[in-house]
There are 2 protein chains.
Amino acid sequence: MNPYEFIKDAIILGDFSPGERLTEEALASTLKVSRTPIREAIKQLETDGLITPYKRRGYIVREFSLEDIRQIYNLRALLESFGASEAALYRTSEELERMYNKNAAYEIAISKLKRSDILTIRNVQQVNQEFHEEIFKATKNEHLRTHISKVVVVPLIFRSFYWYSERMLLRSLEVHKTILKAIENQEPERAKIAMQEHIYQGRDDVLQQLNTPGIEVLKRDTQ
Amino acid sequence: MNPYEFIKDAIILGDFSPGERLTEEALASTLKVSRTPIREAIKQLETDGLITPYKRRGYIVREFSLEDIRQIYNLRALLESFGASEAALYRTSEELERMYNKNAAYEIAISKLKRSDILTIRNVQQVNQEFHEEIFKATKNEHLRTHISKVVVVPLIFRSFYWYSERMLLRSLEVHKTILKAIENQEPERAKIAMQEHIYQGRDDVLQQLNTPGIEVLKRDTQ
DNA sequence: AATTATCATAATGTATACAATAAGGTCAAC
DNA sequence: GTTGACCTTATTGTATACATTATGATAATT
């Protein structure tokens with residue numbers, strides 16, 4: 001695996017904790033490559049906002065406050081709801097069909113979910129992401145996709161617990177269907193509002209979990 | 001000047017034309033540094049979307065279609081109008097005062113404008129940018145600022161002609177005042193819509209110029 | 001003449017050595 | 001005991017040599 005993906009996954013999975021210091025040499029010897037490719041990965045992670053400079057010497061894994069998370073989710077809601085409305089305007093019937101297929105796959109993935117099986121959980125997560133991506137593809141707006149892909153990374157760190165709750169998953173499935181119907185009927189405003197609500201629900205679920213001290217362990221995916 | 005800024009400015013000013021090929025070694029010898037810092041700059045320019053990979057060997061300066069420009073301006077409108085509404089909600093009175101000062105400076109800069117003097121033109125451009133930045137600062141949303149700063153670069157390439165037209169500048173000054181009043185009165189919806197309209201005007205001016213064959217030369221700043 | 005395989009070349013990918021510099025600790029002076 | 005200067009050391013910044021690979025040209029074969 002390339003250094004960028006490796007480090008990014010390590011941060012998302014919690015193998016590198018927020019505040020932990022990262023030095024080029026340590027990473028280089030861990031990944032058994034030279035510093036050059038590590039530097040490249042680090043620069044990219046910095047623009048992703050996953051790491052921040054530390055005292056002009058190296059980087060630390062970024063810590064996100066509740067306010068950070070709220071702001072990032074709000075941005076996500078803004079961008080994805082715009083995407084949904086554009087998709088409602090510009091979708092072709094082939095694209096609509098692909099969206100329906102992805103959401104059907106999502107429904108199946110949820111039904112197969114075993115709470116203790118990490119593989120079925122990852123599958124739900126993956127298929128959900130593919131559903132959202134079908135929508136962005138239908139906008140034909142490459143620049144929008146670039147921005148969304150950036151704003152989607154941080155939420156990944158925090159909502160791992162989300163995928164364990166069947167109640168939440170079934171609720172999001174229902175909202176997916178509302179979004180789909182709006183896109184099918186080419187109702188941009190309705191698609192936009194449904195998507196906005198969808199993201200806000202995710203935001204509030206995450207914030208609520210992070211505010212509940214008893215289930216601190218769920219804050220991070222321990223794999 | 002560091003390589004990233006140098007290359008970026010060269011692209012914005014048109015010294016590197018769209019489609020032109022960039023190789024690490026050529027840039028390195030031009031800037032009289034080794035390939036290492038050039039590589040770093042190139043990676044960053046790629047995530048900025050200013051250059052794109054070319055046949056798996058190096059990069060070319062990105063060419064933007066009219067549709068690209070339309071999409072980028074629409075994104076800018078989305079993000080900046082959100083910013084204006086957040087600023088209306090969260091501004092302090094000190095921040096409001098700074099915005100007024102910047103817009104006063106903008107008015108002065110316009111009045112001092114000489115159509116042939118590149119320095120006064122750059123000054124108008126600079127002060128305008130500072131006005132917009134005061135608004136984003138007032139949102140206290142660092143993530144929003146990151147996204148806006150990215151979406152603002154491409155328009156810079158195309159709207160150079162804009163700063164030559166006193167009519168357009170006076171119009172945008174009036175809209176600035178509307179935005180300011182909405183932020184002062186803490187009317188987020190009004191601030192949002194005024195900002196949206198402001199960006200759309202800029203978008204349409206640019207697209208119209210690019211569609212007018214006679215003034216092709218104005219498409220790029222020849223400086 | 002067209003097509004394909006091979007090879008030379010130019011460009012990027014990677015490793016590593018050396019330079020520059022900031023952080024932190026030690027020692028001395030007050 | 002506290003403060004400040006200096007020095008050590010850890011870490012990043014830069015240059016460069018070498019490895020790898022994709023491209024385009026050339027030549028050979030059909």
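Here is the naming used below: chain letters follow the sequence lines, and residue numbers restart at 1 for every chain.
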Inset, instruction - Decide if atom CZ of B/F6 counts as having more than 12 heavy atoms of other residues, nucleotides or ligands within a radius under 6.0 Å. - result: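 At most 12 heavy atoms, drawn from other residues, nucleotides or ligands, come within 6.0 Å of this atom.
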Which atom pairs link the protein and nucleotides 4-8 of chain C when you take only N or O atoms and keep those under 3.5 Å?
none

Inset, instruction - Taking B/R76 for its side chain and B/I199 for its backbone only, find out whether a donor-acceptor pair lies under 3.5 Å. - result: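 Not confirmed, B/R76 side chain does not pair with B/I199 backbone.
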Legend entry - A/K102 side-chain N/O to A/I135 backbone N/O, donor-acceptor pair under 3.5 Å: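 The answer is no, because no donor-acceptor pair under 3.5 Å joins these two groups.
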Legend entry - Minimum side-chain heavy-atom gap A/Y4-A/L45 below 4.5 Å: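 Of all side-chain heavy-atom pairs linking A/L45 with A/Y4, at least one is under 4.5 Å.
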Legend entry - Nearest-0.5 Å distance, CG of residue A/L31 to CD1 of residue A/I7: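 These two atoms lie 6.0 Å from each other.
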Inset, instruction - Produce a footprint string for nucleotides 12-18 of chain D: one letter per nucleotide, 5' end first; B if the base is under 4.0 Å from any protein heavy atom, S if only the sugar-phosphate is, - if neither. - result: BBBBBB-
Inset, instruction - Please report the C-alpha distance between B/D204 and B/Y73 in whole Å, then the side-chain angles of each, then the deciding distance to 0.1 Å, and finally whether the side-chain contact (heavy atoms from CB on, under 4.5 Å) criterion is met. - result: CA-CA 9 Å; B/D204 292 343; B/Y73 265 96; over 6 Å; no
Legend entry - Salt bridge A/R203-A/E80, side-chain N to carboxylate O under 4.0 Å: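 A salt bridge is absent here (no side-chain N lies under 4.0 Å from a carboxylate O).
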Inset, instruction - Would you sort out whether B/E40 and A/R39 count as a salt bridge (Lys or Arg N to Asp or Glu O under 4.0 Å), showing the intermediate values? - result: CA-CA 9 Å; B/E40 188 181 319; A/R39 285 179 66 81; 3.6 Å; yes
Legend entry - Residue-phosphate contact under 4.0 Å: B/K55 side-chain N/O, D/dG24 OP1/OP2: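 Checking B/K55 against D/dG24: at least one side-chain N or O falls below 4.0 Å of OP1 or OP2.
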